[in-house]
Protein chains: 2
Amino acid sequence: MAKTILVVEDDKNISDLLQMYLKREGYEVFAAYDGGEGVSMFSQVKPDLVLLDLMLPVLDGWGVCRAIRQQGPTPVIMLTAKGELDDKVAGLKEGADDYITKPFEMRELLARVEAVLRRGTTARQTSRRLTFDKLVIDMDSFELIVDGKKLEAPPKEMELLYCLASSPNRVFSRNELLDEVWGYEYFGDSRTVDVHIKRLRDKLEGVSDQWSLKTIWTRGYKFEVL
Amino acid sequence: MAKTILVVEDDKNISDLLQMYLKREGYEVFAAYDGGEGVSMFSQVKPDLVLLDLMLPVLDGWGVCRAIRQQGPTPVIMLTAKGELDDKVAGLKEGADDYITKPFEMRELLARVEAVLRRGTTARQTSRRLTFDKLVIDMDSFELIVDGKKLEAPPKEMELLYCLASSPNRVFSRNELLDEVWGYEYFGDSRTVDVHIKRLRDKLEGVSDQWSLKTIWTRGYKFEVL
DNA sequence: TATTCTTTTTACAAATTGTTCACGCCTTGC
DNA sequence: GCAAGGCGTGAACAATTTGTAAAAAGAATA
């Protein structure tokens, strides 16, 4: 699964350049062009990493960083201009995981991105989060973000969806799903799965054409990704 | 690079528990189950920090501490049982950087571990303060500032809120909260958590729409930040 | 020791979810 | 095209979980 990165940078040239290089590395990239947009996009996208310019309109980098920190342990790399060198310490205190001064070399930046992301998956807890087009399944905060909107879903639905989406395109039989989600000692009607699938479909209907919950006749269900 | 910690503790239950929590925080953990093993493992592993029980077979905590001190400036945190309170001063003189009395709360221990590691050698002082919209949780002065007004809250409520707010949006099960706030040796009814949550909600009701204490059905609670 | 504050337990009401059932439509094989 | 079984769907029920108040127990304080 591709890692997602949010770039918060008001200079369109720099932003475009970053986006291009990051995409070339295989990351999925989102961009915001001021602090406020950065914060709101963060909570919608839940990226794995944030690249954050310090000088921003509306809300500066510190404010954004603080807001992000308040929403979880997502790593942040600060982009600071030369003159702002003194702010380094402050930036790190606000919770940034690393910083890099502009003008930076792409190679250098990409190395740090990779380093922080690697640290993020090892040292910190394994984040139980899956991201698809217009869909975030986050089992840590136990929420579903559909097309940017937070959505509540009962435990069984969450776990069922998480299970299916953990192995995209793989078909799960009803009994497999009962084992994985309900537990191996469950002995109820396997049609129960159908009902939960139906409720998930209602919630996820027409959100994206990139993925869907498909029925495989006499076999089970799968989370299909194109 | 993950920091390494050596746990010298003869009670396997406590040792296992410590190992689990420390690993979850991203540390690399080694364990020794008596004083002699502790010393030899220390020189083999050269950990960044040692958690050292005072009462140990073969060679007691003081002896181990002395031996460690002779090999370098590695910080040591002593684990002392209640009855050994008087030994605290002696322990610190032997070169321990901090001590904590059993039964301790995981949260407290982890805070001290982090503090000692950050300082490199000396103990103390991590600012235990969290700030959100119209809410300050200050565990140093032990006060809650809600919408600019100081508010009194009993210890358990403070710690519960602090625990939840330390990892915003993360869902904590009742048992997790009992472990972290009440301590690992607490065996009361987990519904106790509910009552404290209720009292916190009464205090924090309608203060801000930026955050709230949310219930996740069959899962637990979380401090949600938008 | 008495008093006050905090914490835990208990009991009941309220809310939410999981499951089953029923009915009708759909797919498949003959 | 028909029969048989699989699937979608809506509604109802039951079981479990949680909110809440109040009493009991325990700690801290004067």
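The figures that follow rest on heavy atoms only: side chains count, while hydrogens, waters and symmetry mates do not. Note on naming: letters A, B, ... go to the chains in the order of the sequence lines (proteins, then strands), and numbering restarts at 1 for each one.
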Legend entry - Side-chain N,O (B:Y221) to OP1/OP2 (D:dT17) below 4.0 Å: no

Inset, instruction - Sort out for me which residue in A:I68, A:V8, A:V64 forms a side-chain contact (heavy atoms from CB on, under 4.5 Å) with A:V39. - result: A:V64

Inset, instruction - Determine, stepwise, if the pair B:F172 / B:F223 fulfils ring-ring contact (aromatic ring centres under 6.0 Å, His included). - result: CA-CA 9 Å; B:F172 290 80; B:F223 183 81; over 10 Å; no

Inset, instruction - Would you kindly give the CG-to-C1' distance between B:L177 and D:dT18, to the nearest whole Å? - result: 15 Å

Legend entry - A:E157 CD to C:dT16 P, straight-line distance once rounded to whole Å: 14 Å

Legend entry - Partners meeting salt bridge (Lys or Arg N to Asp or Glu O under 4.0 Å) with B:D138 (sequence neighbours left out): B:R129

Legend entry - Spacing between B:L160 atom CG and C:dT7 atom P, to the nearest angstrom: 11 Å

Legend entry - Closest-nucleotide 5' rank along DNA chain C - winner of B:P154 and A:G188: B:P154

Legend entry - Donor-acceptor side-chain pairing of A:S141 and A:E143 below 3.5 angstrom: yes

Inset, instruction - Starting at atom CZ of A:R174, determine the distance to atom C1' of D:dG8, rounded to an integer number of angstrom. - result: 10 Å

Legend entry - Quiz item: A:R191 side-chain donor-acceptor pair to D:dG6 base, under 3.5 Å: no

Legend entry - B:W182 vs C:dT8: side-chain N/O to OP1/OP2 distance below 4.0 Å: yes

Legend entry - Within residues 193-220 of chain A: residues closer than 4.0 Å to DNA chain C (heavy atoms): A:V195, A:H196, A:R199, A:W217

Inset, instruction - Round to a whole Å and report the spacing from CD of B:E152 to C1' of C:dT6. - result: 13 Å

Legend entry - Ion pair check, B:E224 and B:R170, cut-off under 4.0 Å: no

Inset, instruction - Could you check how far CG of A:D189 sits from C1' of C:dA22, rounded to whole Å? - result: 13 Å

Legend entry - Member of A:D147, A:I145, A:L130, A:V146 meeting the side-chain contact (heavy atoms from CB on, under 4.5 Å) criterion with A:L135: A:V146

Inset, instruction - Kindly point out which of D:dG19, C:dT10, C:dT19 is positioned nearest to the side chain of A:K156? - result: C:dT19

Legend entry - Modelled atom types, side-chain donor and acceptor of A:S40 and A:Q44, under 3.5 Å: no

